[in-house]
Asker: 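Would you mind keeping the following structure in view while I ask a few things?
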Protein chains: 2
Amino acid sequence: MTDASRERAAGRRRPRQSDIARVAGVSQAAVSLILRGTPSGMALARETRQRVLDAAEELGYVPDPVATRLASARNAMLGLYTFSTTFPTDVAHSYYPVLAGVEEEAAAQGQDLILFTGSARAAARAQDPAAVRRVRVADGCLFFGRHVPEEPIRRLVEDGFPFVYIGRRDEPGVPYVGADYVPASAQVVARLVAAGHRKIRYLREHDQAPASADREEGVLKGAREAGLDTRGLVAPTDGADADALLGGWLAEGVTAVVVEQTDTGAALAGLGAAVGRAGLDCPGDLSLAVLGAATGTRGRAPGGGAAFSGFDVPMREMGRDAVRLLLELIAGSPGAATRRLLPCEPVEGGTIAAPRPPKKHT
Amino acid sequence: MTDASRERAAGRRRPRQSDIARVAGVSQAAVSLILRGTPSGMALARETRQRVLDAAEELGYVPDPVATRLASARNAMLGLYTFSTTFPTDVAHSYYPVLAGVEEEAAAQGQDLILFTGSARAAARAQDPAAVRRVRVADGCLFFGRHVPEEPIRRLVEDGFPFVYIGRRDEPGVPYVGADYVPASAQVVARLVAAGHRKIRYLREHDQAPASADREEGVLKGAREAGLDTRGLVAPTDGADADALLGGWLAEGVTAVVVEQTDTGAALAGLGAAVGRAGLDCPGDLSLAVLGAATGTRGRAPGGGAAFSGFDVPMREMGRDAVRLLLELIAGSPGAATRRLLPCEPVEGGTIAAPRPPKKHT
DNA sequence: GAGTTTCACTAATACGTATTAGGTCCTTGA
DNA sequence: TCAAGGACCTAATACGTATTAGTGAAACTC
């Protein structure tokens, strides 16, 4: 009776393996074995096999993916949990290439993605642990975003749930795929020094993220290795005080500025505008370098068409590698390196030149 | 013994209702009833209910969507199937705002999204029906993309699976949320006519998509209503022959060109370049109008900073409305209009002006 | 010709949740 | 004191497939 009413409601009911079994005169198990492929050492008579295949074809059988996944432990779905909206409003958002990489690799590996949209509500209710816990519906999960509620994540670590963070993390035991900012940032400073700059400033945002800390560390490392004075080297900004900062630096004889590029891009935008307002030529009057222009969103230098000098963050590759690592964790591969830093590609660009001969000094 | 070995193998197993039941000292059925909500006329003691809820919280229980789906038919997950990569390589891709709208509304409705990444392989294997079939793990599915394999879709219609197409479709019975291009396109022509133009051309791409057909229909409608000659009005292009077309039109005394804007943007890009090479001033020498600039990607007119005149496609709202419609279909709402066209917002822009007094005629 | 293998398949059960049909106790009314 | 009813919960089963253990029969071994 229930069956009949369901058939009425949904038109013709989808044929199942048991229907095929009835038609072909075999058991449901035989149908499953034949359609799925016999595991090993199992043999089915050629004729029976054909009868089942014919019946399946005739009935228009389609396996139910839900049942398939219930029966086998995996569901070939990877979670993607972002701590802001996944599709940001700002098209030029720097997250974007990472997501593209994630999708690309997931598709290549035959995995679907579950986008957890709880972010908005989770943010509203301040760290609702249930929101993060929901990711367990997937085989594993990728986390992405600068600011993360730590408590729910720790919970996942404890439970042994497979997940990978995109971006370096400080917490022990958290697998991640990040960018290797330290050497890349040091190398940018080295390039400025090689071009003749001795008075350099580093403009960074007010931010506690590991990515920011690493860049600063790299800049300091590069400065020390070149024998530069690191006092006053680092200047945090919110993007609004750029004019004052720039004026001060020019007065001090600064010839090059390194800028941190993050998802908001506030520091770079602020400085770029200030350079424009001051009527400075770049790189004629001032050399600029950017730490981590987002691939595909690469800003244009104030002067004209040339790209900023600095390095690119391998966003796409981070996304891809995170998927690979996650799948290894899910599979339980023992030898996998669970904390990975990918190298950043240097960008030649056109915003570094030799400094003008200093007036005071000559 | 089996349980124990599995626990060892996979670390700690995900908690199930039966685990909660054991902890709380009730049956699995009671757990399901309490967590899911008692149907009607069922009463559970307040104290028992609390014990179960506490145990669930303590164990970090999350319902298995696959099992949920198999047993009932809801899992609060909507599928999103795109017939190209979901995160396109081109950041300025016009699909983007639609996806943002989908995510926004899904989050608002407490639904997660399943991104089906089969697209790549499906495209490779030319219309593999299995790829589309995967969507059935979700409660319903959104389809998005200009070119769609029709056969698998028809299959879903037959099976009564709830889905919504983003973009108008010709096939009968397919629910969709699209943009109402016909009146919007006609209105653009009317605006040109009102500005004094009588010789107009419409540049469209070689494309069979309904969206293209609708725009052309609207342009023709607008032309007829203004009493214009529609012969030679429509010109398809691949973007490469723009110089020749433009030259011919100028010789004919054409004073305004309407351009179709699609996801590739080839037609507009080609014409814009041709206008530049011909040294024409827009709108001084030639008025331009664009049918459907993508929100957020709005092109700039060749002359300078002004936006193209024309209309905007309500991409974001289409995404949102598609989610709403899909949820209605899933809920089985009887009165829902299943085929919706949203109005396009006119864009004033700066590329329409009165035509120069024609030389030949005067 | 008793024992062993191989073949070809089936029975049974797991996967995790939803749902329905009861089953116990406890209170209440007559 | 017995029946009726309600409150509270459990047993049983369904959902559709995967998988393992096992079964009967034929074929082979010595």
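Owing to the predicted nature of the structure, the values given are computational and were not obtained by experimental measurement. Sequence lines set the chain letters: A, B, ... in the order given, protein chains first and strands last, and positions in each chain run from 1.
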Asker: Regarding E171(A) and R154(A), does a basic nitrogen lie under 4.0 Å from an acidic carboxylate oxygen?
Answerer: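 Here E171(A) does not pair with R154(A) in a salt bridge, since their nearest N and O are not under 4.0 Å apart.
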Asker: CG of L70(A) versus C1' of dC15(C): gap in Å, rounded?
Answerer: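 Between C1' of dC15(C) and CG of L70(A): 5 Å.
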Asker: To the side chain of T68(A), which of dT17(C), dT10(C), dT17(D) is closest?
Answerer: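 Nearest to the side-chain atoms of T68(A), counting from C-beta on, is dT17(D).
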Asker: Nearest whole angstrom, please: distance from the C1' of dC15(C) to the CG of D64(B).
Answerer: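 Answer to the nearest Å: 8 Å.
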Asker: If you measure from the Lys or Arg side-chain nitrogens to the Asp or Glu carboxylate oxygens, is any gap between D321(A) and R324(A) under 4.0 Å?
Answerer: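 The answer is yes: the pair qualifies as a salt bridge.
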Asker: Between dT10(D) atom P and Q17(B) atom CD, what is the distance in whole Å?
Answerer: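 Spelled out: CD on Q17(B) to P on dT10(D) is 13 Å.
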Asker: Is any side-chain nitrogen or oxygen of S32(B) closer than 4.0 Å to OP1 or OP2 of dA18(C)?
Answerer: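 For dA18(C), OP1 or OP2 has a side-chain N or O of S32(B) closer than 4.0 Å.
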Asker: Looking at the side chain of R16(A), which of dT17(C), dT17(D), dT10(C) is the nearest nucleotide?
Answerer: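 From the listed options, dT17(D) comes nearest.
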Asker: Would you kindly give the CZ-to-P distance between R36(A) and dT19(D), to the nearest whole Å?
Answerer: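 Computing the R36(A):CZ to dT19(D):P distance gives 6 Å.
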Asker: Could you tell me whether V66(A) contacts a base, only the sugar-phosphate backbone, or nothing, with contacts defined as non-hydrogen atoms closer than 4.0 Å?
Answerer: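 Counting heavy atoms under 4.0 Å across all strands, no contact is made by V66(A).
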Asker: Find the distance L35(B):CG to dG16(C):P and express it as a whole number of Å.
Answerer: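 So the CG-P distance, L35(B) to dG16(C), works out to 16 Å.
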Asker: Using a strict 4.0 Å threshold on nitrogen-to-oxygen distance, state whether D64(A) and R16(A) make a salt bridge.
Answerer: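 Looking at R16(A) together with D64(A), the answer is no, because their closest N to O distance does not fall below 4.0 Å.
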Asker: State which of dT19(C), dA18(D), dA11(C) makes the closest approach to the side chain of A71(A).
Answerer: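 Closest nucleotide among those given: dA18(D).
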Asker: Please tell me which of the listed nucleotides, dG16(C), dT10(C), dT10(D), lies nearest to the side chain of L33(B)?
Answerer: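 The closest nucleotide is dT10(D).
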Asker: Over how many whole Å does the gap from E47(B) atom CD to dC8(D) atom P extend?
Answerer: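 In whole Å, dC8(D) P lies 11 Å from E47(B) CD.
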Asker: Given dT17(C), dT10(D), dT10(C), identify the nucleotide with an atom nearest to the side chain of A30(B).
Answerer: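 Among the listed nucleotides, the one closest to the side chain of A30(B) is dT10(D).
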Asker: Using 4.0 Å as the upper bound for N to carboxylate O, is an ion pair formed by D19(A) and R22(A)?
Answerer: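 A salt bridge links R22(A) with D19(A).
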Asker: Any base atoms under 4.0 Å from A45(A), or only sugar-phosphate, or nothing? Heavy atoms, all strands.
Answerer: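 Sugar-phosphate only.
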Asker: Any side-chain N or O of T48(A) less than 4.0 Å from the OP1 or OP2 oxygen of dC9(C)?
Answerer: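 Answer yes for this pair, as a side-chain N or O of T48(A) is under 4.0 Å from OP1 or OP2.
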Asker: Below 4.0 angstrom from OP1 or OP2 of dA18(D), is there any side-chain N or O of Q28(A)?
Answerer: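 So the side-chain polar atoms of Q28(A) never come under 4.0 Å of the phosphate oxygens OP1 or OP2 of dA18(D).
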Asker: May I ask you to decide whether E317(A) forms a salt bridge with R340(A), counting only side-chain N to carboxylate O separations under 4.0 Å?
Answerer: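 Judged by the 4.0 Å cut-off on N to carboxylate O distance, E317(A) and R340(A) do not form a salt bridge.
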Asker: Measure CD1/I34(A) against P/dT19(D) and give the value in whole Å, please.
Answerer: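 Checked: the CD1 to P distance equals 15 Å.
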Asker: If you assign V26(B) and A67(B) each to the DNA chain D nucleotide with the nearest heavy atom, which residue ends up on the more 5' nucleotide?
Answerer: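 Here V26(B) is the residue nearer the 5' end.
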Asker: Between atom CZ in R22(B) and atom P in dT10(D), what is the gap in whole Å?
Answerer: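 Atom-to-atom, R22(B) to dT10(D), this comes out as 15 Å.
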